[in-house]
Amino acid sequence: RLRKWQERIRTKDAGERNLQFALSEIDRMASALGVPRSVREVASVIYRRALKEDLIRGRSIEGVATSALYAACRKEGIPRSLEEISEVSRVERKEIGRTYRYISQELGLEMRPVDPKKYVPRFCSELELSEEVQTKANEIIEKTAEKGLLSGKSPTGYAAAAIYAASLLCNEKKTQREVADVAQVTEVTIRNRYQEQIEAMGIHG
Amino acid sequence: MTDPKDTINIENVVASTGIGQELDLQSVAMDLEGADYDPEQFPGLVYRTQNPKSAALIFRSGKIVCTGAKSTDDVHESLRIVFDKLRELQIQVNEDPEIIVQNIVTSADLGRNLNLNAIAIGLGLENIEYEPEQFPGLVYRLDEPEVVALLFGSGKLVITGGKKPVDAEHAVDKIVSRLEDLGLLE
DNA sequence: ATCTTACTTTAGAAAGC
DNA sequence: GCTTTAAAAAGTAAGAT
C-alpha cells in the first residue's frame, strides 16, 4: 500500500517532469522563432489538451510539442512553415507534419488552410521591401486566389512568387534567389507560380 | 456533359489469398527466377508477373498478397500464373484458393477546376484534411461507401479504400451531389 | 533553364520486429 | 509503429545536362 502510493507519486512526478520538459521546449522553440508570448500560451494549451486526450501515446513529447507550436502559430495568424519550424526542433519535418495533422484532427482544431498573405509582412521585411510592395503582393495573392489559382499550392511558394512579382512591378527588384531563400522554396517554384499569377493578372513584365 | 462516373478508371487492385500450404521461401527464391527475397528487410518474397502486370508477395505461411493489377479479372489471372509457377516447383496448391479483394484504387475526373479552399470550408473543416503545404490534395472520408477520396484543384480525384468497383461510382455520385449542393461545382 | 527521378498523401493485406 | 508492393492525383525538390 505504501509502495503503491510511492508509485503514484513517482508516476505523477514523471508526468510532471515530462510536461515541464514539453513546455520548456515550446518556450525554447518559440524564442528561437521570435514569436510573441501569446503563441506560446496557445501552444501550451494545445499541448495540455493533447496530453489530457492521451494523444501523446506512441508519439514523442518533442514531436507533439513542436506540432502544438506549429498549430499555435497558425491559429494566431502568424504561421511558420514546417521548414522553419523544423529548423528549431529536433524532430524532422515529415514527423511534425504527421503529428500536427493527427492532433489537429483529434482535438478538432478545425484549422483553416494557411493564407499566403500571412507570410507577406515577414518575408518582405526580411527582404527590406517597402509597404508598397507588400500591398501589391497582397493584391496579387487576393486576385489570383479568387480565380482558383491557389488550390493545392503551397502557401509559402505562392507568397514568394507574389512578392517577387510585386518587387518587379514596384521597381524594387529582388532576385528569385533572394526571395526563394527567405521563403525557403526553390527558384523553380517561384518561377512556376509567378508565371501563372502574372498571366491571371493580365500583367506583362 | 460527360458523367464523371464514366471517367472512372481502376488503377490498382489489392487482394489476398493463400495456397493452404507452408512454404520454404529460401528454396522458392532459389528456384523461382525473378523472385526477390530479403527476409532481413521484409518477411515476404516478391514475385512480379508481366501479363497482366502485378506484384505478388508470398509468405512462409502460404498466404499471398497480389497488388498492382488493373482489374479484379487481372488479379485472378495474375494469381493463376503465380499458382502455376508454384506448382511447377512441385508445391501443392489448393484447387481454387479464395481470393479476397482488399482494396481498389480508382481515378476519376469531375471535368471542372475545384476551389479546394472553398470546398474545405463547405464540406466542413472537421470532415476534411487539406494541408497544401504537405500535399496538394484535399482528403475527404466518406461513410457510405466507406472510402477515402483525394480531390485536386484540376477536378481530378482518387478514390481508395473500396472493395468493390461500384464503391467508387457511389462515392463519385455523392461527391458530385454534395459539391453541387454547395454550389462549388459550376 | 529544362528534364528526369523521386518523394509527399490515401487504403489494404501479409509476418515479424 | 515500421518494414514491402503497386497505382493515381499534383506540387515540390534535387541533381544532371
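Per chain, numbering begins at 1; letters A, B, ... match sequence-line order.
- Although no hydrogens or angles enter the test, the distance criterion places a donor-acceptor pair under 3.5 Å between the side chain of B/Ser71 and the main chain of B/Asp74.
- Here D/dT5 is the nucleotide among D/dT5, D/dA13, D/dG11 with the atom lying nearest to any side-chain atom of B/Leu57.
- Checking the phosphate oxygens (OP1, OP2) of D/dG1, no side-chain nitrogen or oxygen of A/Arg98 falls inside 4.0 Å.
- Taking every heavy atom of both residues into account, B/Asp167 and B/Lys163 meet most closely at OD2-N, 3.0 Å.
- Residue-level contact check: B/Val14 touches the bases, meaning some heavy atom is under 4.0 Å from a base atom.
- Within the nucleic acid shown, B/Gly44 has no heavy atom closer than 4.0 Å to any nucleic acid atom.
- Set against D/dA9, D/dA8, D/dG11, the side chain of B/Val105 has D/dA8 as its closest nucleotide.
- For B/Lys53, a side-chain nitrogen or oxygen approaches OP1 or OP2 of D/dA7 to under 4.0 Å.
- Look at B/Ser107 and you won't find any side-chain N or O under 4.0 angstrom from OP1 or OP2 of D/dA9.
- In terms of phosphate contacts, A/Arg191 brings a side-chain nitrogen or oxygen within less than 4.0 Å of OP1 or OP2 of C/dA1.
- Distances were taken from every side-chain heavy atom of B/Asn12 (C-beta onward) to each of D/dT5, D/dA7, D/dG11; the shortest belongs to D/dA7.
- Here B/Lys63 does not reach the OP1 or OP2 of C/dA13: none of its side-chain N or O atoms lies under 4.0 Å away.
- OP1 and OP2 of D/dG11 both lie 4.0 Å or more from every side-chain N or O belonging to A/Ser154.
- At least one cation-pi condition fails for A/Arg80 and A/Tyr70: the charged atom is not both under 6.0 angstrom from the six-membered ring centre and inside a 45 degree cone around its axis.
- Checking the phosphate oxygens (OP1, OP2) of D/dA8, no side-chain nitrogen or oxygen of B/Thr160 falls inside 4.0 Å.
- The nearest heavy atom of DNA chain C to B/Pro43 and to B/Val13 marks one nucleotide each, and the one closer to the 5' end goes with B/Val13.
- Comparing C/dG12, D/dA8, D/dG11 by their nearest atom to the side chain of B/Lys163 picks out C/dG12.
- For B/Ser16, no side-chain nitrogen or oxygen approaches OP1 or OP2 of C/dA14 to under 4.0 Å.
- Rounding to whole angstrom units, CD of residue B/Gln102 and C1' of D/dT5 are separated by 14 Å.
- Considering only side-chain N and O atoms, B/Gln134 lies nowhere under 4.0 angstrom from the phosphate OP1 or OP2 of C/dT9.
- Dashed line: the shortest gap from a side-chain N or O of B/Arg60 to OP1 or OP2 of C/dA14 is not under 4.0 Å.
- Spacing of C1' atoms, C/dA14 relative to D/dA8, comes out at 23 Å, to the nearest Å.
- A/Tyr47 pairs with exactly one of A/Ile103, A/Ile61, A/Thr66 by the side chain to side chain contact (heavy atoms under 4.5 Å, CB included) rule, that one being A/Ile61.
- Comparing the C1' positions of D/dA7 and C/dC3 gives a spacing of 23 Å, expressed to the nearest Å.
- Across all strands shown, B/Glu40 has no heavy atoms under 4.0 Å from either base or sugar-phosphate atoms.
- Mapping A/Arg93 and B/Ala55 onto DNA chain D via the closest heavy atom, the residue that lands nearer the 5' end is B/Ala55.
- Using a 4.0 Å heavy-atom cutoff across all strands shown, A/Arg193 reaches sugar-phosphate atoms only and no base atom.
- Inspection of the B/Tyr140 and B/Arg178 side chains reveals an N or O donor paired with an N or O acceptor under 3.5 Å.
- For B/Val65, the listed nucleotide lying nearest its side chain is C/dA13; candidates were D/dG11, C/dA13, C/dT8.
- Nucleotide D/dA6 is matched to nothing when pairs are restricted to Watson-Crick or G-U wobble geometry with both distances under 3.5 angstrom.
- Base pairing of C/dT2 is made with D/dA16, judged by Watson-Crick or G-U wobble geometry with both donor-acceptor distances under 3.5 Å.
- For the P atom pair drawn from D/dA9 and C/dT2, the interatomic distance equals 23 Å after rounding to whole Å.
- Taking only side-chain nitrogens and oxygens, B/Ser154 comes nearer than 4.0 Å to OP1 or OP2 of D/dA10.
- Remark on DNA chain D: of its neighbouring residues B/Phe59 and B/Phe135, the 5'-side contact belongs to B/Phe59, judged by nearest-heavy-atom nucleotide.
- At the heavy-atom level, B/Ser61 lies under 4.0 Å from the strands shown only through sugar-phosphate atoms.
- Remark: the A/Gln105 side chain and the B/Glu126 side chain contain no N/O donor-acceptor pair separated by less than 3.5 Å.
- Among the atoms of the strands shown, none is found under 4.0 Å from any heavy atom of B/Val147.
- Across B/Asp3, B/Asp181, B/Leu185, a single residue satisfies side chain to side chain contact (heavy atoms under 4.5 Å, CB included) together with B/Val176, and that is B/Leu185.
- Base-pair partner of C/dC7: D/dG11 (Watson-Crick or G-U wobble, both distances under 3.5 Å).
- Rounded to whole Å, the distance from CG on A/Asn192 to P on D/dA14 is 14 Å.
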